[in-house]
Amino acid sequence: MNQIRCTWSHLLREVTGSAMIAIRRAVVVPAAPASLLARGMAMLFALLVLPSLAVAQNTTVTLTPAGNPAPPWTWPGAPAGFPSPFLVLSGTSSSPYAITGIAQVNITMTHPYVGEAFIRLEFTPSTGPGAGVPISVEILTALGTTFTAGSVGYPSNLGGSYTFTDPPAGQNTLAIMNAGTNFVLPSGSYRAYGKYSVPTALSTSLTGVVGTGTWRLSFTTSGNNGGGAATVSAASVTFTSGGCPGAWSALGSGASVSAAMAVLPGGDVMVGDVGRYNPTTNVWTPLATRTNASVNALAVTPSGDVIVGGTFTTAGGVAANKIARYNPATGVWSALGTGMNNTVYAVVALPGGDVIAGGTFTSAGGVAVNRIARFNPTTNTWSAMGSGVVGSSSPSGSTVYAMAMLPSGEVVIAGDFFAGNGIAAGGFTRYNPTTGAWISTAGPGISGYVAALTVLPGGDVIAGGAGPVFPPGGGSYLIGRYRPTTNDWTGLGVFTSGIVGSLATLPSGDVVVGGGTLTTAGGVPVNGIGRCNPSSDTWTGLGSGVSSAATPNVYSLVALPGGDVIAAGGYSSAGGVAVPGIARYTFASPAPSISTQPLPQSTCVSGTATFVVAAAGGGPVTYQWQWQPEPTAAWTDLTNGINSYLGQAALDVTGATEATVRPRVIWGLGGNLPFRCIVTSMAGCGSVTSDAATLTVGGPECCLGDYNQDGGIDGSDVSAFFEDWEAGSAAADVNADGGIDGADVSAFFEHWEAGC
């Protein structure tokens with residue numbers, strides 16, 4: 001190494017004047033102002049204050065009657081037989097973010113009369129999805145101290161301050177009803193409970209709605225009040241906000257489809273035989289070859305192939321009657337034997353590789369079957385599943401419309417039929433693929449027919465269709481919940497009209513419901529598509545739903561692993577966004593927050609530091625790193641490439657708009673340089689700024705002779721320096737005079753020869 005040093009040192013001493021010019025390419029960068037005053041003026045003119053969006057975490061709205069009279073406010077007793085809200089309090093809020101929860105509803109009230117008390121909380125958003133549509137929840141019903149079956153009211157003598165929140169399950173006012181007459185209700189947390197309602201968490205119906213709007217508390221009493229009156233001296237609502245309200249968006253350039261969908265192992269979504277959609281990049285990849293008619297059903301096999309069912313007779317140019325196999329990796333289609341003689345509406349891929357198909361066909365692979373059959377890929381043959389399904393409420397005959405696999409491995413079979421393998425079924429039955437046994441689902445059967453199924457995380461089944469259909473034996477619901485462990489049903493939602501044609505289970509366990517002519521569910525406007533919490537039977541709309549000139553229909557739904565949902569069907573707009581029959585809905589989520597803060601770093605001149613930030617919530621986010629060159633300087637956005645300060649190239653940056661940024665220090669900025677990152681939600685629900693992390697430049701461990709920062713002083717440093725110097729890189733400005741010339745060569749070799 002000493003010999004190399006001497007050689008380069010001798011060469012430098014021999015190089016003078018024009019000879020030096022001959023071996024260099026000088027790139028002159030304007031020198032930094034020497035005057036401190038000039039620096040200060042430059043910083044003043046460069047000052048830029050970047051606004052950040054504040055997110056209200058707790059917003060309290062004070063409620064008053066119309067006209068805002070001073071408290072207290074009288075709540076008169078109601079004339080017998082005329083229940084009515086005799087006191088309505090209201091207040092307005094202006095949070096631009098979605099509501100994430102209700103912290104509390106506080107009412108300071110004395111209540112001397114005898115009779116039932118009803119209190120309802122209502123919120124009407126003025127912006128965002130659902131603007132102008134009131135959402136209400138009963139926060140107190142049938143409050144009293146005794147309970148008599150069939151009675152009108154509960155004797156009560158109430159006083160105190162009542163705070164209604166979302167307490168743990170089971171905590172409610174039931175205990176109050178057995179406390180005797182003239183009981184004074186203590187302060188505490190209570191939830192809606194009483195003779196006329198089921199407990200409902202306050203935040204369930206309100207979460208996700210934009211917090212700008214009007215809050216109302218309405219107080220109602222029943223008759224038999226003894227002429228008394230209540231007094232309310234204060235009322236307020238405290239809610240948390242900061243979330244995204246949820247929104248519809250187009251899928252890239254879109255595709256006018258109404259076909260089935262399935263999530264492939266890599267995360268892409270296969271949409272009928274139209275193409276593949278990448279949810280991360282929002283990019284479509286059309287299928288190179290397609291079927292010659294409609295696709296009704298998709299199922300992904302354990303190997304990653306897709307079973308496709310429909311009305312087609314060819315797939316990718318291959319003869320395939322109503323059913324085919326597609327390989328997403330190769331784009332190759334293949335037939336499943338000789339296929340069927342009629343339409344396939346549903347397919348299930350079993351863990352062992354077999355396939356079950358259902359529809360209207362009576363022949364599968366030349367074998368006589370009744371609307372359902374099983375395919376063995378090893379023998380390439382179809383077989384009957386007992387006597388299949390028979391009977392129908394329709395003149396067109398029995399049909400299998402939907403199938404789903406339970407965690408136990410059993411397959412639920414649903415549609416329009418009266419019996420499965422000779423066992424009374426009423427449109428819904430179970431099949432064990434291991435034993436070949438059909439299993440009775442008990443009950444008198446379902447009126448109407450079942451068109452869609454989805455399985456909840458615990459193994460219960462949600463079924464929907466046309467009818468009314470649920471619960472079996474006289475129900476009037478379009479959706480039902482079936483419990484395989486107890487073999488029983490409950491109905492979900494109250495629909496004014498419509499047909500449920502598609503269902504999907506979200507990672508949270510909630511269910512998205514789509515169909516035709518659906519207008520309301522559980523009293524909530526849904527407009528073709530809505531979301532249900534099966535445990536509480538509470539509903540929310542997906543924005544303003546879907547619409548079209550004709551009756552809008554959602555034929556197919558798929559839930560993405562990240563929680564979004566894709567809906568395909570016959571509609572032209574979703575949430576006001578023009579889409580050709582397919583769109584993506586991103587649900588309400590919290591505003592972005594910093595989950596991992598950047599950490600302090602240190603490096604030498606020409607060295608590179610790495611800062612990392614991680615964000616949570618807010619849906620997709622963007623990143624913008626900033627730096628502060630001097631303590632009094634403004635925070636400035638970093639850009640990829642050379643970043644200058646006061647005319648001097650200072651940093652060479654990569655990842656300026658990514659979660660990880662890597663600034664390389666070009667010239668000797670001393671001291672500590674702060675870096676931070678602004679994370680912004682692409683869904684428009686705010687931004688958050690990380691903590692500042694300091695980059696320490698220089699220090700006793702730094703050695704300018706170790707140009708490539710590999711810990712050694714050798715010829716590789718010389719090569720690295722001259723590569724930058726010949727390229728005119730600002731990193732080769734070793735003496736930090738603003739120019740790339742022979743003085744930098746001399747400065748470099750002084751450090752190189754001195755060692756470290």
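Every value quoted in this text rests on a predicted model; they were computed, and no experiment measured them. Only heavy atoms go into these numbers, but all of them, side chains included; no hydrogens, no water, no symmetry mates.
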inquiry  = Is the terminal nitrogen or CZ of Arg531 (NZ for Lys, CZ for Arg) located under 6.0 angstrom from the six-membered ring centre of Phe587 and within 45° of that ring's axis?
reply    = yes
ask   = Can you check whether Val554's main-chain N or O pairs, donor with acceptor, with Ser502's side chain at less than 3.5 Å?
value = yes
Derivation and outcome, side-chain contact (heavy atoms from CB on, under 4.5 Å), residues Asn296 and Ser294 = CA-CA 7 Å; Asn296 300 325; Ser294 63; 4.0 Å; yes
key: Distance (rounded to the nearest 0.5 Å) between Thr281 OG1 and Asp268 CG   = 7.5 Å
request  = Consider only side-chain N and O atoms of Tyr277 and Asn282, and report whether a donor and an acceptor are under 3.5 Å apart.
outcome  = yes
message = Does any part of the side chain of Asn533, heavy atoms only, come nearer than 4.5 Å to the side chain of Asp510, both counted from C-beta?
response = yes
key: Ile356 CD1 to Met385 CE distance, which is reported to the nearest 0.5 Å   = 4.0 Å
request  = Give a yes or no answer on whether the side chain of Thr399 reaches the backbone of Gly415 with a donor-acceptor pair at less than 3.5 Å.
outcome  = no
key: Audit row: Asn278, Thr285, side-chain contact (heavy atoms from CB on, under 4.5 Å) steps and yes/no   = CA-CA 8 Å; Asn278 185 315; Thr285 302; over 6 Å; no
Pairwise side-chain contact, Arg290 with Val274, heavy-atom cut-off 4.5 Å (strictly under) = yes
request  = Please report the C-alpha distance between Val512 and Tyr585 in whole Å, then the side-chain angles of each, then the deciding distance to 0.1 Å, and finally whether the side-chain contact (heavy atoms from CB on, under 4.5 Å) criterion is met.
outcome  = CA-CA 11 Å; Val512 178; Tyr585 187 81; over 6 Å; no
key: Flag side-chain contact, heavy atom, 4.5 Å: Ser440 against Thr429   = no
request  = Keeping the roles fixed (side chain from Asn421, backbone from Ala437), state whether a donor-acceptor pair exists under 3.5 Å.
outcome  = no
ask   = Is a side-chain donor or acceptor of Asn341 paired with a backbone partner of Ser363 at a separation under 3.5 angstrom?
value = yes
remark   = Here the gap from Ile413 atom CD1 to Tyr401 atom OH, rounded to the nearest 0.5 Å, amounts to 15.5 Å
query = Is Ser548 reaching over with its side chain to a backbone N or O of Ser572, donor-acceptor style, under 3.5 angstrom?
reply = no
request  = Classify the side-chain pair Trp539/Asp537 by whether it contains a donor and acceptor separated by less than 3.5 Å.
outcome  = yes
remark   = Rounding to 0.5 Å, atoms CH2 (Trp333) and CG (Asn327) come to a distance of 11.0 Å
inquiry  = Quick check against the 3.5 Å criterion: does Arg371 have a side-chain atom that pairs as donor or acceptor with the backbone of Ser398?
reply    = yes
key: Polar side-chain atom of Asn553 near backbone of Tyr555 as donor-acceptor pair, under 3.5 Å   = no
query = Any donor-acceptor pair under 3.5 Å linking the side chain of Asn321 with the backbone of Thr338?
reply = yes
ask   = Looking at CE of Met261 and CG of Leu557, how far apart are the two atoms once the value is rounded to the nearest 0.5 Å?
value = 6.0 Å
request  = Measure the shortest side-chain to side-chain distance between Tyr326 and Leu287 over non-hydrogen atoms and say whether it is less than 4.5 angstrom.
outcome  = yes
message = Within the 4.5 Å heavy-atom criterion, are Val390 and Phe418 side-chain neighbours or not?
response = no
Donor-acceptor contact below 3.5 Å, side chain Asn292 vs main chain Thr314 = yes
message = Rounded to the nearest 0.5 Å, what separates atom OG in Ser387 from atom CD1 in Ile372?
response = 11.0 Å
query = Taking atom types as modelled and ignoring hydrogens, do the side chains of Ser392 and Asp416 form a donor-acceptor contact shorter than 3.5 angstrom?
reply = yes
ask   = Which of parallel (below 30°), tilted (30 to 60°) and perpendicular (above 60°) describes Trp382 and Phe375?
value = tilted
key: Residue pair Arg483 / Thr490, side-chain heavy-atom distance below 4.5 Å   = yes
query = Is Asn527 reaching over with its side chain to a backbone N or O of Ser544, donor-acceptor style, under 3.5 angstrom?
reply = yes
